[in-house]
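FYI, the numbering just counts along the sequence from 1.
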Amino acid sequence: MKKKKRIFAGVLLLAIVAWLLLIWRLSSADGTETLHDSMQIARKICAVLYDNPTYEQLSHVNLKLRKLAHIFLYLVLGGFSTLFWQLLIERWSPWTRSIPAFLCCTVIAFLDELQKIPIEGRHFSLSESILNAGSALCMIVLCTFIIVWIIRRHRIKQY
């Protein structure tokens with residue numbers, strides 16, 4: 001691996017570790033603490049959307065906000081992981097290099113939910129694990145399409 005690629009791979013690895021620490025911090029928080037935090041944000045959103053928001057509207061916005069947080073966290077993790085594995089493995093095709101990224105993100109998604117079991121007010125949710133892994137997969141596929149497109153474009157320019 002060339003020096004610039006090694007440096008970029010190292011930076012990506014640090015970004016992945018930092019992002020995993022953020023995910024761990026958010027997932028290991030007490031259930032009442034996370035509910036309180038998300039409800040404060042939901043109240044602000046509802047104040048913009050509704051004149052006098054009801055409890056049902058507030059709960060609905062809160063649920064959507066929490067799901068969006070899962071999606072966002074794992075979209076970013078999927079993107080970082082894809083770029084990291086694309087740099088780390090040079091012999092395989094770009095699509096094959098994406099497999100370790102997906103496997104790592106899927107394992108992390110399930111471990112993230114498993115670690116919530118002993119935390120008061122939290123629970124394991126298979127649907128959230130699937131949402132997390134699916135979000136990462138969406139970004140992995142998108143990044144890989146872009147990488148393949150860049151490689152093909154570069155090859156065409158060489159001729």
Side-chain angles (χ1 to χ4, degrees), residues 1-31 33-38 40-42 45 61-159:
M1 194 183 311
K2 294 179 183 177
K3 186 176 181 180
K4 285 184 182 180
K5 281 187 178 182
R6 270 197 320 259
I7 291 171
F8 190 55
V11 169
L12 277 170
L13 185 59
L14 288 174
I16 290 169
V17 169
W19 202 253
L20 287 173
L21 288 172
L22 173 66
I23 290 172
W24 177 76
R25 166 64 184 101
L26 293 171
S27 292
S28 63
D30 182 70
E33 180 184 334
T34 61
L35 180 63
H36 176 74
D37 292 343
S38 65
Q40 282 184 331
I41 297 169
I45 293 171
V61 169
N62 181 48
L63 178 64
K64 298 298 179 193
L65 187 63
R66 292 174 77 90
K67 297 298 179 190
L68 283 173
H70 280 270
I71 292 168
F72 174 74
L73 288 170
Y74 281 87
L75 281 173
V76 173
L77 181 63
F80 284 161
S81 297
T82 302
L83 294 175
F84 177 73
W85 286 101
Q86 293 291 330
L87 290 172
L88 195 64
I89 304 171
E90 295 178 351
R91 297 180 191 188
W92 300 353
S93 73
W95 288 106
T96 309
R97 286 183 255 176
S98 296
I99 294 170
F102 176 66
L103 292 175
C104 288
C105 289
T106 302
V107 168
I108 290 166
F110 282 94
L111 291 176
D112 178 33
E113 286 300 312
L114 281 175
Q115 72 139 356
K116 293 178 184 178
I117 292 172
I119 300 170
E120 188 174 332
R122 303 301 290 269
H123 62 279
F124 174 82
S125 171
L126 181 61
S127 64
E128 285 185 2
S129 294
I130 293 169
L131 175 68
N132 294 343
S135 300
L137 178 62
C138 288
M139 184 56 81
I140 290 167
V141 169
L142 178 64
C143 287
T144 306
F145 266 119
I146 292 169
I147 289 165
V148 167
W149 178 76
I150 290 170
I151 290 170
R152 286 184 180 162
R153 188 172 172 190
H154 182 71
R155 285 182 185 156
I156 290 171
K157 284 185 176 183
Q158 285 181 339
Y159 293 113

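- Residues Trp95 and Phe145 form a side-chain contact, since some pair of their non-hydrogen atoms from C-beta on lies under 4.5 Å apart.
- The nearest pair of heavy atoms linking Cys138 to Leu75 is CB-CD2, 4.4 Å.
- Considering every non-hydrogen atom in both Phe80 and Ala15, the closest pair reads CE1-CB, 3.9 Å.
- For the atom pair Leu111 CG and Leu114 CG, the distance stands at 6.0 Å (nearest 0.5 Å).
- Nearest heavy-atom pair, Ser28 versus Gln115, reported as atom, atom and distance to 0.1 Å: N-NE2, 3.7 Å.
- In this structure a side-chain-to-backbone donor-acceptor pair under 3.5 Å is missing from Ser27 to Trp24.
- Ser129 has its side chain within reach of Phe124: a pair of non-hydrogen atoms, C-beta onward, lies under 4.5 Å apart.
- Interatomic distance, CD of Glu128 versus CZ of Arg66, reported as 8.0 Å (0.5 Å rounding).
- Between Ile117 and Arg122, every side-chain heavy-atom pair lies at or beyond the 4.5 Å cut-off.
- Annotation: side chain of Lys5 is in contact with side chain of Glu90 (closest heavy-atom distance under 4.5 Å).
- Taking CD1 of Ile151 as the start and CD1 of Ile156 as the end, the distance is 12.5 Å to the nearest 0.5 Å.
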Quiz item: Which is it for Ser93 and Thr96 under the side-chain contact (heavy atoms from CB on, under 4.5 Å) test, yes or no, and what are the steps along the way?
Solution: CA-CA 5 Å; Ser93 73; Thr96 309; 2.9 Å; yes

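- Of all heavy-atom pairs between Pro94 and Val148, the closest is CB-CG2, 3.7 Å.
- You'll find the side chain of Trp19 reaches within 4.5 Å of the side chain of Leu73, heavy atoms only.
- Applying the 6.0 Å contact sphere to CD of Gln40 captures more than 12 heavy atoms from other residues, nucleotides or ligands.
- Atoms CG and CD1, on Asp30 and Ile119 in that order, are 8.0 Å from each other to the nearest 0.5 Å.
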Quiz prompt | Residue pair Met139, Ser81: steps toward the side-chain contact (heavy atoms from CB on, under 4.5 Å) verdict | solution = CA-CA 10 Å; Met139 184 56 81; Ser81 297; over 6 Å; no

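- For the atom pair Asn132 CG and Glu113 CD, the distance stands at 6.0 Å (nearest 0.5 Å).
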Quiz prompt | Working for side-chain contact (heavy atoms from CB on, under 4.5 Å), residues Ile41 and Asp37 | solution = CA-CA 7 Å; Ile41 297 169; Asp37 292 343; 5.7 Å; no

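- Between Thr82 and Cys143, the closest heavy-atom pair is CG2-CB, 3.6 Å.
- In this structure, Arg97 contributes its side chain and Trp85 its backbone to no donor-acceptor pair below 3.5 Å.
- Atoms NZ and OG1, on Lys116 and Thr34 in that order, are 8.0 Å from each other to the nearest 0.5 Å.
- The number of heavy-atom neighbours closer than 6.0 Å to NZ of Lys67, taken from other residues, nucleotides and ligands shown, is above 12.
- Between Ala136 and Cys105, the closest heavy-atom pair is CB-CB, 3.6 Å.
- Side-chain contact between Tyr74 and Leu131 is absent, with no heavy atoms from C-beta onward closer than 4.5 Å.
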